[in-house]
Amino acid sequence: MIGEAGHFTGAPKPVLRKSIDLVKYAETFTGLGPLFATSKAEAAMRDETIKRTKTVCTYCGVGCAFEVWTKGRHILKVQPHKDAPANGISTCVKGKFGWDFVNSDERLVNPIIRRDGKFDMVEWDEALEYTAKRLRAIVDEHGPDSVAFISSSKITNEECYLVQKLARAVFGTNNVDNCARYCQSPASKGLSRTVGYGADAGSMDDITKAELVFIVGSNTAVSHPVLAARIKRQVKVHGQRLIVSDLRSHEMADRAQIFLQPNPGTDLVWINAVAKYILDQGWEDRDFIERRVKDLEKYRDSLQKFTLEFAAARTGLTKETLKQVAKEIASAKTVCGLWAMGVTQHMGGTDCCTAISNLLLLTGNFGKPGTGAYPLRGHNNVQGSCDFGALYNYLPGYASVGSDEARKPFEDAWGMKLPSAKGLNNKTMIDAIEEGTLKALYVVGEELALVDSNARRVQEQLEKLEFFAVQEIFFSTTARFADVVLPGTPSLEKEGTFVNTERRVQLLNEALPPLKGCRPDWKILRDLARHLGHDWNYESPSDIMDEVAGIVPEFAGIRYDRLKGYNSLCWPVDKDGNDTPLLYEEKFHTADGKAAFFPVDFAEPVNQPDEEYPQHLNNGRVLEHFHEGNMTFRVKGCVEKIHEAFVEMNPADANEQGLEEGDWVEVRSPFGKVTTQIVVSDSLRSGELYMPICSTEQRVNHLTSTKADPVVDTPAYKEMSASVKKLGRRSASPIPKSNPRNGKPTPLRSVRVEDKWRRDDYHDPETSRPDGGNV
Amino acid sequence: MAEELSYTTEPAPKPTARDELEGLIETLSESGTLRALQGFTGQFAGVSGAALEHLTGPAGRRLIGSVALLAEVLSNVPAEKLEGVASGFGKGTERASEMLGKEPPGTLQVLKLARDPDVRRAMASILIILKSIGEGLGEGDRSRGQQDGIATSL
């Protein structure tokens, strides 16, 4: 922004300084009037040259909407707006400043094809024809299930729809998935088992309305900062009760009235123990259960082993704490349960999500304002990727591939028979490459070579593919294994819609034209289908949305003209455009309209610490970077705050091993090793380590295992043990002094402006706002 | 088999001056400026001929001469020194306009006004300026006289 927005602000410094001096001199004779007039004229000229485009953030699942101001290809600023439904005037540091990557010199600007041991730049037609030919040849030889597709949580709903349509309608396979497999698939399953939709039960407004919020396994202040800000405000100013369960003592934990720090992987135990205690005390919401929930007795029986004694022994929490939690949840009129990867990325992830949903049903916390289950979606459009059918078992709108009735509307619309067998998911695709049954893979904007667990194994498998195509904006690590790489575009260079964590569909508009040589991903997919002989005639993303709305009842009323400006729609949306911010007010999304308790048991975590790997290794996000960091490590400001990953260690453990901040160490697990620096932090307990998932080189997934939740195949990223070896050299701390972590917060309840107004010496200003000096 | 390969991306071409020029042309066209310019350049001979005819006439010459002289004089006067005079002139004009359509003041009223220190200060200033103008005019005469003398002696 600095030096780029105004017509004169880009002048060289000496010229600018002399110009300012000249204006100051002239002002003494001319007064402010002519200067203000000149300034207004310049502002009008700026209006002419600066383009303001409403878009939706490309980072987390909160779904912040704002204007992005551009001048040519310069991204001048991000300007939030009070009407933005999820964020209002708030943004986080990434949404506000994290856009340098769009104009990075490292953007791919030509299709490339692997030939004779190197990549050659080629024209689009050649790249698409080559891709089509190779995929078609493999399918002809090995059958439709020899190819698979992975969609992206970064692309739009319309693009995700085309990815799954390409898999199903063009190649005849259900081998299609998205990165929800790595994160919230357990939540979708846990909720579909109990209440119906695998999505948030309400909106962020409901979370702020709740009398009590409990957060499990989520560092919300870092992963969903704008939502965290809303919760923190409610807690601080409006007396909302907050319970947090996490391995690390982070900002949300600091603000909670009750902070639980259970042993790793034991959340299900305390949740079930609390549920049992509520039932034992007769504190359950009997009226709600009688009217709306089935299978209470089965549930009660399943809880028998979760006594307070058992829970205290296994979780390390005290019985008194568990009783207190039970009392708080049972006595609050409205409760929202929030969770993230700390719950889902375990062997028992699906069961733990189910346990949370059971607990909310037990206490009547569904279907009324201020209640519900909220798996916090990590990416901007991971919810939409699932909603629009990039799943191996569901068509768009969660229509089961195995159901003739559910498939029929798609078969009618697309004019063909569709496969009915479940396909491969992200995990089983890698297994199938290893087994030799999957021959070709088409990946759109997913860095699976780094973000899948046991990343080295994934990379070894990618090398075995007969054909591998990647649609990307950068030459990613995954692209290094590709045969063809097609340059797509980031969110600012396209039109389309995203669905945020609260099922809210929002429209993003094209702020910048696609970088020369790149194509919006929907165009790439459309053009590839054409090269494969399918007459896909979409002229714009809205054509695609119109097609979806005509097939999927949940999206029947979604139209671009209803999403203009800051308008948004929370699905299900009926034909007339009536949306549903709060689900289940009258009935649950089940065959009989009733929810059901789904009994779940506790499974011991895997890869537990032992003599060789004595410490538990946790991983997650940092505020300044997003996910693996492919975007934010190309943002100067973010890199200034944190330039590389590190491993956090408790001070006592560091002291015992003779380690200090900045020491280089080798972190080793049964699956690999990385070299990184130590950050000493008292947010962890002794015996635990934490590594951010963002990195340029030292990837935590070189340490994680292939073990996965048996229900949905989500990797157990959070179940790992490791050892730390000192390497004998030290550098400056990877967290520079300028990082906010090193700041000294001065918490205030508010700015307390009312106190100022009450003072005797305070007088109201004569005018309500500055009048510009009567000019 | 697709072994891991590296690749160095070629940076996208940055916008060039030509791109900016194209943008400017678009803007000029959309705003109608280009059309006006086209009209002007199409009629350049006629428009410039008319302008020059006016500027080369007696009135035009006087205008050019006076503007140039005024600019030279003003560039030699510090703005701070002009400020008081200009500001007073502005205010005075405003007050004088209030007298429009009213009876002119009588002689006694004018004399009374002349006793005002501000009026006397202004009159003194004007007289000093008049004196300087007179000296200037005198120098002009002397200079012309000298030139005439030289010419005569030749």
Side chain, backbone, both or neither of B:T8 within contact of chain A (heavy atoms, under 4.5 Å): neither

Residues, nucleotides or ligands: over 12 heavy atoms within 6.0 Å of A:E123 CD: no

Counting only heavy atoms not in A:E42, do more than 12 sit closer than 6.0 Å to its CD atom? yes

B:L5 side chain reached by A:R480 side chain, heavy atoms, under 4.5 Å: no

Crowding at CZ, B:R61 (>12 non-hydrogen neighbours, <6.0 Å): no

Between the OG atom in B:S6 and the CZ atom in A:F475, the distance rounded to the nearest 0.5 Å is 6.5 Å

Side chain, backbone, both or neither: which part of A:E48 has a non-hydrogen atom closer than 4.5 Å to chain B? side chain

What part of A:T28 gets closer than 4.5 Å to chain B, counting heavy atoms only: side chain, backbone, both or neither? backbone

Restricting to non-hydrogen atoms, name the atom on B:T9 and the atom on A:L108 that form the minimum distance, rounded to 0.1 Å. CG2-CD2, 3.6 Å

Given 3.5 Å as the limit, does a donor-acceptor pair link the side chain of A:R114 with the main chain of B:E3, or not? yes

Please flag which part of A:Y25 lies under 4.5 Å from any non-hydrogen atom of chain B: side chain, backbone, both or neither. side chain

Around atom NE2 of A:H142, are there more than 12 heavy atoms of other residues, nucleotides or ligands at under 6.0 Å? yes

Euclidean distance, B:E4 CD relative to A:L462 CG, rounded to 0.5 Å: 10.0 Å

If you count the non-hydrogen atoms of other residues, nucleotides and ligands that lie under 6.0 Å from CZ in B:R120, is the total more than 12? yes

For A:F468, which atoms come within 4.5 Å of any heavy atom of chain B: side chain, backbone, both, or neither? neither

